[in-house]
Each structure stands twice: as C-alpha cells, then as structure tokens.
Protein chains: 2
Amino acid sequence: MPGESPPEDPAPGTDPLFVQSLARGMGVLESFKGAEGALSLNQIATRAGLTRSAAQRLVHTFRKLGYLRMAEDGRGFRLDLPILDLTHDYLRLNPLVRRANPILLELRRNVRERVDLSLFDGQRMVYAARMQSKRETFFATLVGNSVPTVCTSGGWAVLAMLPQAEVDAILAQADFRQLTPRTITDPAVIRDQIALTRQNGHALATEQILMGEVALGVAIPDSSGRPVAAIHIAASLAEWEPEEFRRRIAPLAAEAVRSIVAG
Amino acid sequence: MPGESPPEDPAPGTDPLFVQSLARGMGVLESFKGAEGALSLNQIATRAGLTRSAAQRLVHTFRKLGYLRMAEDGRGFRLDLPILDLTHDYLRLNPLVRRANPILLELRRNVRERVDLSLFDGQRMVYAARMQSKRETFFATLVGNSVPTVCTSGGWAVLAMLPQAEVDAILAQADFRQLTPRTITDPAVIRDQIALTRQNGHALATEQILMGEVALGVAIPDSSGRPVAAIHIAASLAEWEPEEFRRRIAPLAAEAVRSIVAG
DNA sequence: CAGCAAGGTATTGCCATCCGATACGGCTGC
DNA sequence: GCAGCCGTATCGGATGGCAATACCTTGCTG
C-alpha cells in the first residue's frame with residue numbers, strides 16, 4: 001500500500017518464492033479491516049477473495065494457532081489475543097520508536113500536552129505511540145489507528161520534506177474527507193500549508209481533525225533524509241492562542257526531533 | 001500457549017484442514033518474540049524450526065505483503081507497519097475492549113490515577129489499554145506487553161474467580177520471578193492473597209512489579225462468569241497509604257466493572 | 001410446524017504448489 | 001585475499017494444499 005516498488009512481477013503466478021497459502025492466510029486476517037463485528041466463513045471468503053473451502057482451512061489453522069477464535073455466540077470469528085504480541089514486538093524492535101520513546105516522554109513532561117508519534121505510510125499517518133496529557137477525550141489505545149496524511153500537522157510536516165513528485169502523487173490520489181467543518185479539502189490550500197511548513201520547519205494545524213484542537217507537527221527523517229514519521233503535539237484552543245502555541249512549542253518539538261535523529 | 005484444548009490431534013500431520021505453510025509463516029512472525037533486533041534468514045530459520053529455504057520463501061512472501069521489511073542496513077529483517085493494522089482491528093472489534101473503553105475513561109477522570117485494562121491469557125496478563133495519569137514513568141505504548149498473572153493485582157483478581165483446579169494449574173507452572181525486592185514468589189502466600197481477594201472482591205498489590213507503586217485490580221467475567229480480563233488502577237505510594245487507597249478506589253473500580261459487564 | 005437458508009464441520013481425489021538441496025555473488029572482517 | 005556470513009536464485013519431485021461436495025445444527029419464517 002505504501003509506495004509500490006516499480007520492479008513488480010508482471011505475472012502474479014510466476015514468482016517461485018511466493019507462498020500463496022501464506023498470502024491467502026494474511027488476506028483472511030486483513031478481511032477484518034472494514035468489519036463491524038465477527039465475520040462468518042462466507043464473509044471472510046468473499047472479502048478475501050477465496051473459496052469457502054480455502055477460508056475454512058485457513059480459519060481452522062489460525063484457530064489452532066490462537067490468532068482467531070469463534071465469537072462468543074458461536075456465529076462467526078474474531079481476531080484473538082496473540083495478535084497483540086506481534087504489535088508489541090514490532091514496536092519494541094522498531095529502532096525509530098525505540099529512540100523516540102524516552103525523548104517523547106521527556107517532551108511531554110516539558111510541554112504538559114499530548115504528544116504523539118505517527119509513522120508515514122503514504123496516504124495515512126499511523127499512530128505508534130501516544131503520551132497522554134491530563135485531560136483526555138479519546139481512546140488511549142489507538143495504536144494502529146490512522147488519519148489522512150493530507151489533513152494533519154504531522155502529515156503536512158512529512159509532505160514538506162518529500163520530493164515534489166511524491167507530494168503530487170499523494171495529493172492526486174488523496175481522499176479529501178471533511179472531518180470537521182474546518183478541514184481543508186482544497187489541494188491548492190494544502191500546498192500552501194506545505195510551503196509554509198517548509199519555511200518554518202514545522203506545521204500548525206487548527207481544527208483539522210477535531211474541533212477545538214490545535215496541533216503542531218515536525219517530521220522525522222531517516223538517515224538518508226527521507227521523512228518516515230512525525231511527532232505532533234496537540235492542545236486545546238480553549239487554552240492556547242495558535243500563534244502563542246507555535247512560539248512556545250515549536251522549538252521544543254524541533255529539539256526533540258533533533259535528539260531522535262541524532263540518537 | 002494459553003490453555004491448550006484437551007482434544008488435541010495426536011498425529012501432527014493428520015489434520016487435513018491444517019495449512020502447514022500458514023503455520024510456518026506465523027512461526028516466522030513469532031520468531032521475533034525474543035529478538036533484540038533484526039533477524040537474519042538463518043536466525044529466523046533456527047528460531048522457527050525451519051530450513052533456510054522455507055524461511056527464505058516465507059520471508060519473501062511477507063515482504064511482498066508488507067509485513068516484513070529489510071533492516072535499514074540490509075542485514076536482516078524486521079516486522080513492518082501493517083502489523084499495527086491487525087492490532088487496531090483486534091482492539092476495535094473486541095467486544096470487551098469496546099465496552100470497557102468509555103467506562104475506563106470515565107473512571108480515570110474520577111480517580112485521576114492510571115487505569116489499565118489487561119486480558120487474561122493463562123500465565124500472562126496482556127495489556128490492552130492504558131488510560132494515563134498526569135505523571136508517567138513508562139511507555140504509553142505497551143499494548144501487547146504482558147506481566148505474570150501471579151504477581152499483579154489484576155492477575156490475583158482473575159485467579160480469585162477461577163475454579164480451584166485452574167488456579168492450581170497456573171501456580172504449578174508459574175515462573176516466579178523477582179521483579180522487585182518485594183515481589184511475592186511463594187505460592188502459599190499468593191494463595192493467601194487470592195483468598196483475601198475472594199473476600200474483598202478486589203486485589204491489592206504493593207510494589208509487586210514496580211517499587212513505589214500500589215495497584216488495585218478487579219476481575220471482569222464474561223457472561224458465563226468466567227474471568228477473562230481485569231482492570232487495575234495504579235498509583236504512587238508517595239501519595240497514598242495503601243488502606244486509604246483501597247477504601248477510596250475499590251468501590252469505584254467495582255462500579256466500573258459492573259458497568260462493563262452490564263453493557 | 002414444516003421447510004429453508006446460513007452457520008460451522010467433515011471427506012476425498014487430483015494436481016498445482018510448496019518443498020529443501022544446492023549454487024551464486026557480494027560484503028565484512030579476519 | 002580468504003572464510004564466513006549475508007540475501008538471492010534455480011529446479012525436479014512429491015507433499016500438502018486445492019475446490020467441490022456432502023453433513024448436521026440452528027434459527028428464522030411462511
């Protein structure tokens with residue numbers, strides 16, 4: 001889903017290293033993506049593009065392994081606990097998350113507002129960590145949650161560091177949803193924001209995702225200079241005037257990013 | 001790893017529904033469990049009990065699917081971002097987590113201390129959600145992290161609701177590690193704590209996992225009365241006298257659990 | 001209450017697909 | 001400059017996954 005590698009195998013059945021059963025199995029897990037609740041075998045088969053038999057076998061296997069379980073009422077299946085182990089290992093082993101965590105904690109102590117780390121994934125910014133502030137309006141557990149790149153401070157910060165061609169590609173395919181009445185949905189205006197971000201070194205987004213919220217984002221580049229993630233600090237407009245927020249917070253956020261990159 | 005189902009297939013190769021390739025593939029992902037960093041093909045093969053060829057094929061497939069990526073230095077592989085999507089779906093679709101989340105948030109507002117939800121998984125209690133308090137000493141992102149059932153307030157609360165036979169089984173196989181100088185490692189003393197918990201309806205653990213921390217746990221049963229999870233509220237001994245903590249917090253925690261179960 | 005649809009489960013024979021041994025080129029550190 | 005890892009590529013053989021089909025239960029519905 002992120003930038004497809006151009007050298008793609010043309011024929012989908014001619015990769016002798018590709019283990020089809022495994023891909024189908026992962027397709028079963030992914031079929032829960034849009035789901036509203038437990039899924040029946042037929043639903044899984046349809047969503048994952050499998051025959052009923054295939055779905056049966058794969059589900060059976062996942063149940064033996066613990067990754068799926070039957071829903072409590074005996075109708076349909078759900079993801080089960082061992083999934084969380086994978087997440088934990090992912091976060092634990094991700095070098096960026098590893099380096100960032102103590103620094104973000106420190107940052108949160110200083111700013112006393114909510115601090116997030118999100119990872120760039122094309123159209124999405126995926127939350128990897130959240131350091132909470134005192135008052136909280138949302139789930140703490142939105143690890144794995146994601147928001148559109150094009151309407152968040154962190155996303156703008158990433159876009160500002162990306163080559164123009166990639167920015168164009170992302171904007172061209174973006175789905176501009178109106179998350180709040182003030183969400184910017186005009187690509188031209190977003191380009192302005194990106195330009196502004198390039199000048200400032202950080203992005204400021206007001207009420208783009210949630211009314212009453214202001215957020216400041218700074219991108220994190222990898223060693224080659226390509227942006228791979230962002231930190232953002234979010235606060236309430238009831239307590240901050242946006243410019244004042246920017247003045248106070250931006251230097252701290254920038255400093256935190258410097259520490260992360262240096263580590 | 002959690003309680004094996006007794007009706008096990010005796011011959012491991014005679015289950016016609018079992019998709020071996022898928023199981024091996026998941027084994028590759030699980031091989032990152034104890035890892036310290038990226039894993040090479042040989043390491044994966046060894047850890048997962050595969051031939052090098054098998055590891056190669058499975059890793060290759062996971063890379064195409066996005067779940068694994070090559071480490072930045074080109075040596076070894078790491079879990080990649082799509083893993084988080086699975087977690088997110090798991091948490092989103094888990095009925096218990098769903099019902100519990102708003103109630104835990106409310107609870108946190110009232111007690112102004114850290115509130116956790118953890119899921120019972122045999123020897124472990126696995127964190128599913130954390131509502132932070134103001135000061136924080138640890139990663140916010142320990143979703144998927146786990147602690148031994150036998151040394152946490154939540155674990156004791158679960159054990160207190162479990163049939164005696166299961167308690168015996170868990171204690172018999174438990175690995176009593178000394179996480180702090182005050183961690184209880186004597187099964188007999190733990191049994192006392194469990195008995196106490198049965199009387200009180202909640203468990204109180206002081207400095208079992210972290211020095212200076214007191215935690216109160218209440219188990220959450222499913223519709224059949226079997227405990228499946230626990231909430232715990234953790235606070236600092238610098239601010240609370242344990243008995244006072246219990247008196248103030250226990251009723252609120254119990255009330256929260258009632259709401260979750262009723263929902 | 002009969003009947004039907006949809007749920008999960010079980011069986012079977014065919015052949016595609018996965019299997020493991022082996023070989024290759026590049027990089028690192030002796 | 002050699003030894004030992006790394007990730008990658010190839011290939012013939014048979015294992016193991018494949019889809020179709022049938023089975024049993026449950027719950028809805030006419």
Side-chain angles (χ1 to χ4, degrees), chain A residues 5 7-28 31-32 35-65 67-80, chain B residues 5 7-28 31-32 35-65 67-80:
Chain A
S5 48
E8 198 68 27
D9 315 61
T14 51
D15 182 346
L17 286 178
F18 194 79
V19 181
Q20 181 193 60
S21 325
L22 179 54
R24 290 179 168 179
M26 297 315 285
V28 167
S31 69
F32 286 88
E36 296 280 343
L39 294 180
S40 74
L41 277 181
N42 281 330
Q43 290 175 305
I44 291 173
T46 305
R47 285 163 170 265
L50 301 172
T51 66
R52 211 176 113 90
S53 296
Q56 179 191 9
R57 267 177 289 114
L58 297 166
V59 166
H60 172 82
T61 307
F62 275 128
R63 288 177 71 187
K64 292 253 165 184
L65 298 175
Y67 291 94
L68 289 181
R69 71 177 309 151
M70 184 168 278
E72 12 292 300
D73 60 355
R75 329 194 101 253
F77 305 92
R78 287 189 8 233
L79 296 168
D80 206 359
Chain B
S5 49
E8 198 68 27
D9 316 60
T14 49
D15 182 346
L17 286 178
F18 194 79
V19 182
Q20 181 194 62
S21 325
L22 179 55
R24 289 179 168 179
M26 298 312 288
V28 167
S31 70
F32 286 88
E36 297 279 342
L39 294 180
S40 75
L41 277 180
N42 281 333
Q43 291 175 305
I44 291 173
T46 305
R47 285 163 171 264
L50 301 171
T51 66
R52 212 176 112 88
S53 295
Q56 179 191 9
R57 266 177 287 116
L58 298 167
V59 166
H60 172 82
T61 306
F62 275 128
R63 288 177 71 186
K64 292 255 165 183
L65 299 175
Y67 292 95
L68 289 181
R69 71 175 311 150
M70 184 168 277
E72 11 291 300
D73 60 354
R75 330 195 101 251
F77 304 92
R78 288 190 5 236
L79 297 168
D80 205 359

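All of these numbers come straight from a predicted model, not from anything done at the bench. Each chain gets a letter, A, B and so on, in the order its sequence line appears, and its residues count up from 1.
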Inset, instruction - Please step through side-chain contact (heavy atoms from CB on, under 4.5 Å) for the pair A/L22 and B/V28, ending with a clear verdict. - result: CA-CA 11 Å; A/L22 179 54; B/V28 167; over 6 Å; no
Inset, instruction - Just jot down the side chain to side chain contact (heavy atoms under 4.5 Å, CB included) partners of A/A45, sequence neighbours excluded, or say none. - result: A/A55
Legend entry - Distance in angstrom units between B/D73 CG and C/dC27 C1', rounded: 12 Å
Inset, instruction - For B/F32 and B/F77, work out which heavy atoms get closest and say how close. - result: CE2-O, 3.2 Å
Legend entry - Residue pair A/T61 / B/L17: nearest heavy atoms and the distance that separates them: OG1-O, 3.5 Å
Inset, instruction - Could you check if a side-chain atom of B/K64 sits within less than 4.5 angstrom of a side-chain atom of A/D15, using non-hydrogen atoms only? - result: yes
Legend entry - Degree of bending, the helix from C/dC1-D/dG30 to C/dG29-D/dC2 (end axes from five pairs; round to 10°): 40°
Inset, instruction - List in numerical order all residues of residues 39-58 of chain A for which some heavy atom is under 4.0 Å away from an atom belonging to DNA chain D. - result: A/T51, A/S53, A/A54, A/R57
Legend entry - Any B/R63 side-chain nitrogen or oxygen under 4.0 Å from OP1 or OP2 of D/dT8: yes
Inset, instruction - Indicate yes or no for a side-chain donor-acceptor contact from B/S31 to the backbone of B/R47 under 3.5 Å, with no hydrogens or angles considered. - result: no
Inset, instruction - Return the value, rounded to whole Å, for the distance between atom CG of A/L17 and atom P of D/dT8. - result: 9 Å
Inset, instruction - Output every pair passing side chain to side chain donor-acceptor pair (under 3.5 Å) with a member in residues 48-59 of chain A, not counting sequence neighbours, ordered by first then second residue. - result: A/N42-A/R52
Legend entry - CZ-CZ distance between B/F18 and A/R63, expressed to the nearest 0.5 angstrom: 13.0 Å
Legend entry - Closest contact, heavy atoms only, A/Q43 versus A/A38: OE1-O, 3.9 Å
Legend entry - 5'-most by nearest nucleotide on DNA chain C - A/V19 or A/G74: A/G74
Inset, instruction - Please state how far atom CZ in A/R78 lies from atom C1' in C/dG8, giving the value in whole angstrom units. - result: 17 Å
Inset, instruction - For A/Q20, enumerate each residue passing the side chain to side chain contact (heavy atoms under 4.5 Å, CB included) test, keeping only those at least two apart in sequence or located in another chain. - result: A/R24
Legend entry - Distance in angstrom units between B/F18 CZ and C/dA10 C1', rounded: 17 Å
Legend entry - Counterpart residues, salt bridge (Lys or Arg N to Asp or Glu O under 4.0 Å), relative to B/R78 (two or more places apart): B/E72
Inset, instruction - Measure from CG on A/D15 to P on D/dA9 and round the result to the nearest Å. - result: 9 Å
Under 3.5 Å between N/O atoms: give me all the protein pairs with nucleotides 28-30 of chain C, atom names plus distance.
none

Legend entry - Euclidean distance, atom NE2 of residue B/H60 to atom C1' of D/dT10 [Å, nearest integer]: 13 Å
Inset, instruction - Check DNA chain C against residues 20-28 of chain B and give the residues with a non-hydrogen atom under 4.0 Å, in numerical order. - result: B/Q20, B/S21, B/R24
Inset, instruction - Could you tell me the separation between the CZ atom of B/R69 and the C1' atom of D/dG7, rounded to a whole number of Å? - result: 16 Å
Inset, instruction - Can you measure from CG (B/D80) to CG (B/L65) and round to the nearest 0.5 angstrom? - result: 11.5 Å
